[in-house]
Structure formats: structure tokens, C-alpha cells
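The structure under discussion appears below in the form of C-alpha cells.
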Amino acid sequence: MAGEPGPGQSDDIRLADSLRAGDVIALTEVYDTYAPFLYDYCHGLLRDRVEAAGALRNVVIAAREHVDRLTEPARLRGWLYAIARKECMRRRDSPNRHTGQEAPEADDELTSEQLARREERRLLAHSALAALNGRQREAIDLSVRHELDEVDLAGIFGMPLEETLALVEKAREDLAAALHASLIAQNHWKDCPSVAALTESWPLDPQTSAALVRHVENCPVCGARETPPLPPDRLLSVLPIAAIPADLRLDVLTAATAEDRAGNRRAIAAWTEPFDEYGWPLPYQQTAPRRSDRAPRRRGPLLAAVAVGVGVLVLFAGAMTWLGGGDDGTNAAATGPAAPGTSGSPGDSGTPEPAPTDPSPTVTSPSPTESKSPSESPSPSKSPSETPSTKSPAPPTTTRAPQPPSPGRLSVSGCNMGRSDSCTVTIRAIGGPVNWQVTGTSGPVRAGGSGHLSAGQSSGVRVSRASGFCLGQQTGSVSVSPGGSASVSYIC
């Protein structure tokens, strides 16, 4: 993550060479070095700790089985992310995927005041990232938080390097514009009635964030407003990181080395195929229907399948969505954990999921390196003969209609404006969904807004000073239904 650079290329080369030599100790070192970051990335795409743990296990297994294919050992880290993305896309396409258990956030030893400031910055990050599309958010996440370069991204996305460079550049430009607009909305909303109307509650959803960016670009008042520069690494540094389960290490290393699970490893390795001529896995493609079931269509580029919703972030629009320190789960590209939950040990059944039928894509991916120019298309690798067995589906049974979730309660945290004009009160739904509304204020403050929060999701209510003369320390409160109240203070 930003501020925690990964291993250098010399370590990648050493680890790749050791893996090729069959060194089990090197496999342990690979896990200890890369697993926390890969788990966070997988969790951002899958939004479920059980699925993320299974994906990480399969990444380690596939890496050990296929490391001989990698022609550039110095690219080991990016290569692992490419395997991880293909595995996550495969899991997202499964009708039997596990959902609903998002990972807890990695602990930070911060004071309550530091946590409150971080929460406010997360709401800003959520709102800015919401203006980007899913592919842009994922590219920003990989390049900034995971510190991968464009050559690695080209291999991960299966895109030509030129397109990858353009993607990253456009994503950074759009993020800068969205951040500029969000800072104006956060600090200068009283200067423009249109901005005030757009930003009654935080974080902003994708539609509102995009509308705010368009408004700032065309508004003479907002367009002339300058905001302090905030580099992407500082903006994204406040995003949550999914905490990797402590007991996952033994589970993964056992699955990757136990003699009695060699058949499972061969089947798992097959899911990563085919590879291009540089040893990078080609992007995942959905299993094609049988020829007799196919409707006639014109040929077109297949790379669109790779772009299957990496959106999240709502990141960040939900509770901890990609960018959310809150607990949005509306965006998965981004990769931050969603609503914190209790840590549990993701079980490994010992038998892999059924292997997909007809897994071979028909499109070759471009070289992930800048210096090489392939002259011939890669030949697909031969799939192993042994594949996992599948069970016959159980006969359908009558099920009850799903019951509506139990209502939750509201947690409200106050804020201090200091000498600023406004601050953000944070509200969070605990134990179930909550419909909330600001019901009133007391003291020299103003606030309003309403909305709906899913369980674990958080949002923000902007509170501003009341007009009039004041002197010294001022305090007030904001009442939020159901049953919440937050204190607000500022200095005149």
C-alpha cells in the first residue's frame, strides 16, 4: 500500500528463481511478502472475506505451478496480481459464489481524534473516487496503493501498453478534477447554491459526484476557486485495508504443498491457463455457450468481458467501498474492505470448485513489457488431464420467501470546525439498515439532510456555523433520527 512499498525487483528475481527450484521455504517467503496486499486486492474485487481467502489460496498454488512460464522474473509481483485478477473474475462469474461476509479492517493504533479526522478524509476520498468508472478506480488503486507500474498494469488488464498509459493518465486527470470539485463542495459550498443543493450528505454517490464535476467546470464562481493540491497517494492513504486472517497462512501453504492434494493443485492451475508468450495469464473470459445454443452474432473484441464491473468504490459509495473508510460496499474496484465484520477462518474444503468448461479464450493479450514486440501469437497451453469432480445438483426444495432485514440503530459522531466554516458529522448504521433524517439543531449551527444506510454503511452530514456575531468557543448539537445526537463546536 502507499507508504509501504513492496519488495524490489532483486527480491522478485530471487523469489522467482527459488520457486522454480521447488524451494518450499521460498513459497513461505512469497506468502509472507505478498499475501497481505493480494488479499486486500482480491477482497476489493470480491467484497467477501471467504471468497478473497479462496482466491489467494488459488493464486499461491497457481504461481507455484506456473512460475516456469514467467519470462521476466523481475515482474513476479505484477504477475501475481494478474493471476489474482483472473481468479477473482472467475469467482465473480460463479453462481455459487459466497457473499455477505466482508473482512474487518486492518487495525491502526490511532486516537479517537485521529480516527475522526481519517473518517472525514475518507468521506472526501469516497466522493472524489465516485466520479471515476470502475476500470479507472482499479487502475488508480493498483498504481497508487499497490505501487505497480504501467507495464505491470498492462499485463494485469491484458491491454496494450499504450492503452494502459492512456487509461492511467485519464484516471489521474479525472480524479484530480473530482477531488477539486469535492474540496469546493466541502469547504466553499456556501458560495454557490447549486453546490449546496448537490452536496447535502456525504459521501457523494457516483451520479452526484459526476454532476458536481460538470457543475464546477461550467460555473464561473466555482471554476475560479482554487483548492490546495492533494496527491493521489495522500488521498488514498486513508482508505481501509482488509485484514488478512491470521490462520489463513497455514491453510494456504498446506494446500500448496501437501502430497495428497496434488490433484487439486493441477485442477486449480488449469483455471489460470492459457498464458501469453511472456507467461502472463490471458484475461478471464466467460465460458462460451454450446454452439447449438448460440445466437448468431458478429465477431467483436472479447476484451470487454474483462471489464466486468470492477466498480466499486463506491468504493466507495457504500461502507468501505473501495475508497471508503465508511462501510459502503457499492464499489469493488477499488479494493478496500467493506463493512468491518468479525474475523473467521475461511474454511478450505480440500476439493476445488468444478473446473469451468471450455475455458480457453480466443484473444491473446499484449505483452506486459515495453521492450518486447511479439511477432507471433502464443500457443495455448495444454490443460491437465485431471480435473476436479462435480456433484449432481440436489433436487429443488421449497423455500420460504426471504424475510426483510431487521432494522438497525444509528451511531452518530460529532465534529469540531476549529476556525473553518463547516465540518462533517459522521453517521453509521449498526446491526441493520436505517432510514435517517436530521430532525433539528441546537445552538449556533445549521444542518439538514436524510437518506438510507445499509448495515455497516456510513455517511456524513455537513454542519455549518449559524450567521451572526459570536465570540470565543461556540458549541451546538445536531439531532438525527432515529435516536442520535452529535455535538459540534467551533472558534470565532
Side-chain angles (χ1 to χ4, degrees), residues 117 120-137 139-141 143-144 165-239 311 313-317 321-324 326 330-331 333-334 415 417-425 445-449 451 459-467 490:
R117 286 201 301 268
E120 187 167 354
R121 290 196 296 268
R122 281 183 176 178
L123 294 174
L124 175 67
H126 272 288
S127 300
L129 285 161
L132 276 60
N133 63 41
R135 177 60 66 86
Q136 288 179 318
R137 285 191 294 267
I140 287 289
D141 186 43
S143 63
V144 175
L165 292 169
L167 168 66
V168 174
E169 181 179 4
K170 185 66 164 59
R172 288 179 177 270
E173 291 175 355
D174 290 351
L175 179 59
L179 176 59
H180 172 65
S182 296
L183 285 170
I184 289 176
Q186 185 181 64
N187 300 318
H188 306 289
W189 58 277
K190 291 194 294 185
D191 297 343
C192 180
S194 296
V195 172
L198 281 171
T199 59
E200 288 186 350
S201 65
W202 287 67
L204 304 180
D205 57 57
Q207 183 177 2
T208 303
S209 183
L212 177 64
V213 172
R214 291 193 297 270
H215 168 79
V216 170
E217 289 176 346
N218 297 289
C219 175
V221 175
C222 297
R225 174 74 63 181
E226 294 185 359
T227 57
L230 183 60
D233 59 332
R234 288 186 57 193
L235 177 70
L236 272 60
S237 66
V238 301
L239 297 181
L313 182 147
V314 193
L315 252 170
F316 312 107
T321 62
W322 187 63
L323 258 127
T330 50
N331 211 322
C415 64
M417 301 181 199
R419 297 186 180 277
S420 301
D421 294 331
S422 66
C423 65
T424 301
V425 166
V445 296
R446 296 182 300 176
S459 185
V461 175
R462 186 192 306 279
V463 186
S464 62
R465 304 181 182 212
S467 58
Y490 61 87

| field | From NZ (K170) to CZ (R135), nearest 0.5 Å | value | 14.5 Å
| query | Are side-chain heavy atoms of E120 and Q186 found at a separation under 4.5 Å? | reply | yes
| task | Let me see the working for R137 and D141 under salt bridge (Lys or Arg N to Asp or Glu O under 4.0 Å), right down to the final yes or no. | result | CA-CA 6 Å; R137 285 191 294 267; D141 186 43; over 6 Å; no
| task | Quick one: do C219 and C192 satisfy disulfide (SG to SG under 2.5 Å)? Show the steps, please. | result | CA-CA 9 Å; C219 175; C192 180; 4.1 Å; no
| request: May I ask you to test the T424-V463 pair for a side-chain heavy-atom distance under 4.5 Å? | output: no
| field | Side-chain donor or acceptor of R462 paired with backbone N/O of A185 under 3.5 Å | value | yes
| Backbone of A178 reached by a side-chain donor or acceptor of S182 within 3.5 Å | yes
| said: Within the structure provided, determine whether V445 and S464 are in side-chain contact (heavy-atom separation under 4.5 Å). | reply: no
| task | For E173, look at atom CD and say whether over 12 heavy atoms of other residues, nucleotides or ligands are found less than 6.0 Å away. | result | yes
| query | Does L179 reach the side chain of L124, with side-chain heavy atoms less than 4.5 Å apart? | reply | yes
| query | With a 4.5 Å heavy-atom cut-off, do C222 and H215 have their side chains touching? | reply | yes
| query | Quick one: are N133 and D174 in side-chain contact, heavy atoms under 4.5 Å? | reply | no
| said: So, taking the atom named CG in N218 and the one named OG in S194, what distance separates them when rounded to the nearest 0.5 Å? | reply: 11.0 Å
| query | Does S209 use its side chain to pair, donor to acceptor, with the backbone of S127 at less than 3.5 Å? | reply | yes
